[in-house]
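Encoded as structure tokens, the structure appears first; notes follow it.
Hydrogens, waters and symmetry mates are skipped; everything else that's a heavy atom, side chains included, is used. Chain letters run A, B, ... following the sequence lines, proteins first, then strands; residues in each count from 1. Computed from a predicted model, the values in this text were never measured in an experiment.
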There are 2 protein chains.
Amino acid sequence: MTFNLDRNRGELNYPPQPALDRIANMGVFDTSCEGHQLLEKIANKWTILIIYALTQGKKRYTGLKQQIVDISPKMLVQNLRNLERSGLIERKVFPSVPPRVEYSLTPLGESLAEPLAVLGEWAYQHIKDVNLAIEKYDNNSKSEDFWEPK
Amino acid sequence: MTFNLDRNRGELNYPPQPALDRIANMGVFDTSCEGHQLLEKIANKWTILIIYALTQGKKRYTGLKQQIVDISPKMLVQNLRNLERSGLIERKVFPSVPPRVEYSLTPLGESLAEPLAVLGEWAYQHIKDVNLAIEKYDNNSKSEDFWEPK
DNA sequence: CTGTATCCGCTTTGATACTG
DNA sequence: CAGTATCAAAGCGGATACAG
């Protein structure tokens, strides 16, 4: 898939989007390409929480499980393995009794922290706007139902 | 959930993460909070593609459907409605025959373009690293299977 | 043209119990 | 402690067919 890049920005007067321009033809926004698939992997719920937790430093399995509330052992391990496989985190096993496993970010994983933070920051800054919009939208639909003329 | 913010960054010598520090206590990384739920909504596959398509300007239903290959009418409408409800896009209906509907980003939607672009850029820049890591990881598991001594 | 409605399979996820 | 195994539940998502 390729995007046609003609921009009919007519009455929409918004500021230029340098980053968007830069990646316009990278294909990251094409579902079928590797870039987008990577994007989907890292943009998931647990990944974000795990990466963030590990930016605080290396952690052990139980530490992560406690910090990330409501994650089941299955999901935790599954995501840890995926992240390890993708080279974003490192898994260090100490053959002791009881066993001890330490997880930490690789440099690659660290490089992802900032972009994720940017996204998180956007979310935090705009929760109210979004909630307001939702409320408005829902009220409108409701009044339509009630006031349908005759 | 609150994160304890002691950082035992010991041997991990990575650069400071200003953005992370800023959002450390915002709670965006807590699954149960509004911020994180918003994050999950916008980080999904189709949302990203739709937002991106609309940064090119307003588009009609069919235009979006053609640009975003392999999206079913169901998913397209579903996501358009969600984005409209959240105040990220605007839906303008022209009561003509045949019907005409134009979708465009709201200012709020536009503000999301840049963060998404940053994430996309990261993905594009690191596909090779990740693929390399995956290959390495998979090879290691394989050789372990074969060479298990006696 | 711009959707809506329905069915249905398949993956994802959750809960829980168990093991080295 | 650090997982694995198993089963069931839920929800996405695709493929139509059709309507205003």
Side-chain angles (χ1 to χ4, degrees), chain A residues 1 30-32 36-37 39-50 53-54 58-86 89-104 137 141 144-145 148-149, chain B residues 1 30-32 36-37 39-50 53-54 58-85 89-104 137 141 144-145 148:
Chain A
M1 175 172 83
D30 176 355
T31 309
S32 57
H36 189 90
Q37 278 158 13
L39 196 54
E40 276 184 72
K41 273 201 171 77
I42 62 175
N44 101 64
K45 175 173 168 170
W46 300 122
T47 296
I48 295 179
L49 289 166
I50 292 173
L54 289 179
K58 60 188 174 199
K59 308 229 166 186
R60 298 176 59 178
Y61 175 85
T62 306
L64 286 169
K65 189 148 180 359
Q66 283 166 354
Q67 180 164 14
I68 304 171
V69 282
D70 290 337
I71 192 171
S72 65
K74 184 179 168 183
M75 283 300 102
L76 181 54
V77 172
Q78 198 173 102
N79 283 279
L80 285 171
R81 290 290 181 281
N82 268 326
L83 291 172
E84 186 196 358
R85 190 169 102 109
S86 302
I89 68 177
E90 189 194 0
R91 178 170 174 270
K92 214 169 184 173
V93 184
F94 299 83
S96 57
V97 191
R100 173 191 186 83
V101 179
E102 278 178 5
Y103 294 93
S104 57
Y137 183 94
S141 334
E144 276 171 26
D145 287 348
E148 201 168 65
Chain B
M1 175 172 81
D30 177 351
T31 307
S32 58
H36 189 89
Q37 279 159 13
L39 198 55
E40 276 183 72
K41 271 200 175 80
I42 62 175
N44 98 64
K45 176 172 170 170
W46 300 122
T47 295
I48 295 178
L49 290 166
I50 291 173
L54 289 180
K58 59 188 174 199
K59 308 229 166 187
R60 298 176 57 179
Y61 175 86
T62 307
L64 287 169
K65 191 148 178 1
Q66 283 167 356
Q67 181 166 13
I68 303 172
V69 283
D70 290 337
I71 193 171
S72 65
K74 182 181 169 181
M75 284 299 104
L76 181 53
V77 172
Q78 197 172 102
N79 282 279
L80 285 172
R81 288 293 180 280
N82 268 325
L83 290 172
E84 186 196 358
R85 192 169 102 107
I89 68 178
E90 190 195 359
R91 178 171 174 270
K92 213 170 188 172
V93 184
F94 298 83
S96 57
V97 191
R100 171 190 187 83
V101 179
E102 278 178 5
Y103 293 95
S104 58
Y137 183 93
S141 335
E144 276 170 26
D145 288 348
E148 202 167 64

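The nearest whole Å value for the distance from the CD atom in A/Gln78 to the P atom in C/dT13 is 7 Å. What separates CD of A/Glu84 from C1' of D/dG3 is a distance of 13 Å, to the nearest Å. With rounding to whole Å, A/Met75 atom CE is found 5 Å from C/dT13 atom C1'. In this structure, the CD1 atom of B/Ile68 is 13 Å from the P atom of D/dG13, given to the nearest Å. When rounded to the nearest whole Å, the span between CG of B/Leu76 and P of D/dC12 equals 17 Å. In this structure, the NZ atom of B/Lys59 is 16 Å from the P atom of C/dG3, given to the nearest Å. Here D/dG13 presents its P atom at 10 Å from CD1 of B/Ile71, a figure rounded to the nearest Å. As a whole-Å value, the separation of B/Asn82 CG from D/dG11 P is 14 Å.
Of the side-chain N and O atoms in B/Arg60, none sit less than 4.0 angstrom from OP1 or OP2 of C/dC1. Phosphate proximity of C/dT2 to B/Thr62: present, with a side-chain N or O under 4.0 Å from OP1 or OP2. In this structure, B/Arg91 reaches the C/dG3 phosphate: one of its side-chain N or O atoms is under 4.0 Å from OP1 or OP2.
Residue A/Lys65 is out of contact with every strand shown, counting any heavy-atom pair closer than 4.0 Å. Residue contacts shown for A/Tyr103 are limited to sugar-phosphate atoms, with no base heavy atom under 4.0 Å away.
Partner of B/Leu64 under the side chain to side chain contact (heavy atoms under 4.5 Å, CB included) criterion, chosen from B/Ile71, B/Asn79, B/Leu54, B/Val101: B/Leu54.
A salt bridge links A/Arg100 and A/Glu102; the closest N-O separation between the charged side-chain nitrogens and carboxylate oxygens is under 4.0 Å.
Comparing D/dG13, C/dT13, D/dG3 by their nearest atom to the side chain of A/Arg81 picks out D/dG3. Closest to the A/Trp46 side chain, of the nucleotides D/dG14, C/dG14, D/dG3, is C/dG14.
Counting only N and O atoms by type, the side chains of B/Tyr137 and A/Arg85 include no donor and acceptor under 3.5 Å apart.
Atom CD1 of A/Ile48 is separated from atom CG of B/Leu39 by 4.5 Å, given to the nearest 0.5 angstrom.
Along DNA chain D, the nucleotide closest to A/Pro99 and the one closest to A/Pro73 are compared, and the more 5′ of them pairs with A/Pro99. Mapping B/Gly63 and B/Lys74 onto DNA chain C by nearest heavy atom places B/Gly63 closer to the 5' end of the strand.
Between the side chain of B/Thr47 and the backbone N or O of B/Ala43, no donor-acceptor pair lies under 3.5 Å.
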